[in-house]
Number of protein chains: 2
Amino acid sequence: MNKHTSLTMDLTKNQSLVMNALSDAKTPLSAYTILDVLRDHGFRAPLQVYRALDKLVEFGLVHRLESLNAFVACQHPSCEGEKNETILFTICEKCGSVQELLSDKLVGAMRNLADEIDFTLKESVIELRGICSNCKDH
Amino acid sequence: MNKHTSLTMDLTKNQSLVMNALSDAKTPLSAYTILDVLRDHGFRAPLQVYRALDKLVEFGLVHRLESLNAFVACQHPSCEGEKNETILFTICEKCGSVQELLSDKLVGAMRNLADEIDFTLKESVIELRGICSNCKDH
DNA sequence: ATGCCACACGTTATACCATTACGCAATTAT
DNA sequence: ATAATTGCGTAATGGTATAACGTGTGGCAT
Ligand SMILES: [Zn+2]
Ligand SMILES: [Zn+2]
Ligand SMILES: [Zn+2]
Ligand SMILES: [Zn+2]
């Protein structure tokens, strides 16, 4: 099967459960929070969560936020089936919401910077902390 | 005392020990690695390390790498005594070395991006994974 | 069908990262 | 002097992630 068609349909039971938990959440979830959420569905051990998360991240359906030790459902269809080199996340310190951005300008800036110091860029972790537009006006 | 003069001289014993451990290291160190390194100097518990690290980070002498859960001595004098909003780190996946960059262009790009989506930027986590110039050849 | 292989799964144990809570001593401010 | 602040030591706990082992299933070459 073409790996770019309907990956979502090929998820295993555990992967689907984790995916749905993340899709329903308004903020990123830690692996152990996911475990708690899914105890009613038979989850008993962290590894069940981590194995599902590994695959979902590999598929590009979920992203890991390094500065939060947490995971979030992808908000951008183009991530599916490929690993984007440069994604930017904004994280609101007030409401915890996350926004995912793919910016050509940003990708260019990163590439240039890497080139200047002869660094072979494989992957970027870009996570901006601050206050989102909703919370700013509160 | 003016907190912008010779912060390095005002470190406590534990802070100095941790600072030296990080300065001597060729790669970032985890808190527990630092603990092991300093056992001969009387360190017995993680908290001794974490308390020192908290202060050193506050002083701008040490930076935390979120994607590694590890700490690195600052390579850029201008960080001392202030918190830079935007620092970029490159992390070599082969040798583990880290390079710290302060780029005006990058800061501008981040600010613009934040402005575009009405996000009040407080702090950036930017960590690029790849291969450094030394490791690239051979 | 048989044997083999790849893969998802379940469980237990362990390793690694970080903080809370308590008490004490030294320093600094009033 | 007294109070507030800060650094320190220790023990306990909480949060994050992986290692190691075994089971079951489906695909597939023989
Ligand atoms: Zn995405
Ligand atoms: Zn918000
Ligand atoms: Zn610095
Ligand atoms: Zn290298």
Side-chain angles (χ1 to χ4, degrees), chain A residues 1-3 7-22 25 27-59 61-72 91 96 125 127 129, chain B residues 1-3 7-22 25 27-59 61-72 91 96 125 127 129:
Chain A
M1 176 168 190
N2 182 331
K3 75 175 201 175
L7 260 170
T8 315
M9 293 296 111
D10 293 339
L11 299 181
T12 67
K13 180 152 174 280
N14 283 3
Q15 287 161 16
S16 296
L17 286 166
V18 170
M19 190 68 223
N20 288 336
L22 286 174
T27 62
L29 301 180
S30 76
Y32 278 72
T33 301
I34 296 171
L35 177 56
D36 285 339
V37 167
L38 294 181
R39 277 193 200 283
D40 293 344
H41 295 272
F43 274 51
R44 312 278 316 166
L47 210 48
Q48 297 175 277
V49 179
Y50 281 108
R51 288 203 270 232
L53 285 172
D54 283 349
K55 286 298 181 182
L56 293 173
V57 168
E58 184 186 325
F59 296 156
L61 295 172
V62 166
H63 301 297
R64 176 186 164 83
L65 295 166
E66 299 290 342
S67 67
L68 295 177
N69 291 337
F71 300 83
V72 67
I91 302 169
V125 174
E127 299 176 12
R129 319 297 299 256
Chain B
M1 173 166 188
N2 182 330
K3 75 174 202 175
L7 262 171
T8 315
M9 294 294 107
D10 295 338
L11 297 182
T12 68
K13 180 153 176 283
N14 282 3
Q15 288 162 15
S16 296
L17 287 167
V18 170
M19 189 69 221
N20 288 336
L22 286 174
T27 63
L29 301 180
S30 76
Y32 277 71
T33 302
I34 295 172
L35 176 58
D36 285 339
V37 166
L38 294 180
R39 278 194 199 279
D40 294 343
H41 296 273
F43 274 51
R44 312 278 314 168
L47 206 50
Q48 297 174 281
V49 179
Y50 281 109
R51 286 204 272 233
L53 286 172
D54 283 348
K55 287 297 182 184
L56 293 172
V57 168
E58 183 186 325
F59 297 157
L61 296 170
V62 165
H63 301 296
R64 175 184 166 83
L65 295 166
E66 298 291 342
S67 68
L68 295 177
N69 291 337
F71 300 83
V72 67
I91 302 169
V125 174
E127 301 175 11
R129 321 295 300 256

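Residue numbers start from 1 in every chain, and the chains themselves are labelled A, B, ... in the order their sequence lines are given, proteins ahead of strands. Since we're looking at a predicted model, the values are computed, not measured.
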In this structure, CZ of B/Phe43 is separated from CG of B/Leu35 (nearest 0.5 Å) by 8.0 Å
Test item: B/Leu53 and B/Ile34 side chains (from C-beta on) under 4.5 Å apart, heavy atoms:
yes
Whole angstrom value for the distance that separates [atom2] of [N] from [atom1] of [X]:
X       : N      : atom1 : atom2 : answer
A/Leu11 : C/dC7  : CG    : C1'   : 15 Å
A/Lys13 : C/dC9  : NZ    : C1'   : 11 Å
B/Leu35 : D/dA11 : CG    : P     : 14 Å
B/Leu53 : C/dC17 : CG    : C1'   : 12 Å
B/Arg51 : D/dT6  : CZ    : P     : 14 Å
B/His41 : D/dG9  : NE2   : P     : 14 Å
B/Leu65 : C/dC17 : CG    : P     : 13 Å
B/Lys55 : D/dT5  : NZ    : C1'   : 10 Å

OP1 or OP2 of C/dC9 under 4.0 Å from side-chain N/O of A/Thr12
yes
What's touching nucleotides 15-18 of chain D from the protein side, N or O pairs under 3.5 Å?
{"from": "D/dA17", "atom 1": "OP1", "to": "A/Arg64", "atom 2": "NH1", "distance (Å)": "2.8"}
{"from": "D/dA17", "atom 1": "OP1", "to": "A/Arg64", "atom 2": "NH2", "distance (Å)": "2.6"}
{"from": "D/dA17", "atom 1": "OP2", "to": "A/Tyr50", "atom 2": "OH", "distance (Å)": "3.0"}
{"from": "D/dA17", "atom 1": "O5'", "to": "A/Tyr50", "atom 2": "OH", "distance (Å)": "3.4"}
{"from": "D/dA17", "atom 1": "N7", "to": "A/Tyr32", "atom 2": "OH", "distance (Å)": "2.8"}
{"from": "D/dA17", "atom 1": "N6", "to": "A/Tyr32", "atom 2": "OH", "distance (Å)": "3.4"}

Does a salt bridge link B/Arg51 with B/Asp54, judged by any charged N lying under 4.0 Å from a carboxylate O?
no
Would you mind checking if A/Glu66 and A/Arg64 are paired as a salt bridge, meaning a charged N to carboxylate O distance below 4.0 Å?
yes
Any donor-acceptor pair under 3.5 Å from B/Ser16 side chain to B/Thr12 backbone
yes
If we ignore hydrogens and angles and just use 3.5 Å, is the side chain of B/Glu127 paired with the main-chain N or O of B/Ser67 as donor and acceptor?
yes
State which of C/dA21, D/dG7, C/dT11 makes the closest approach to the side chain of A/Gln48.
C/dT11
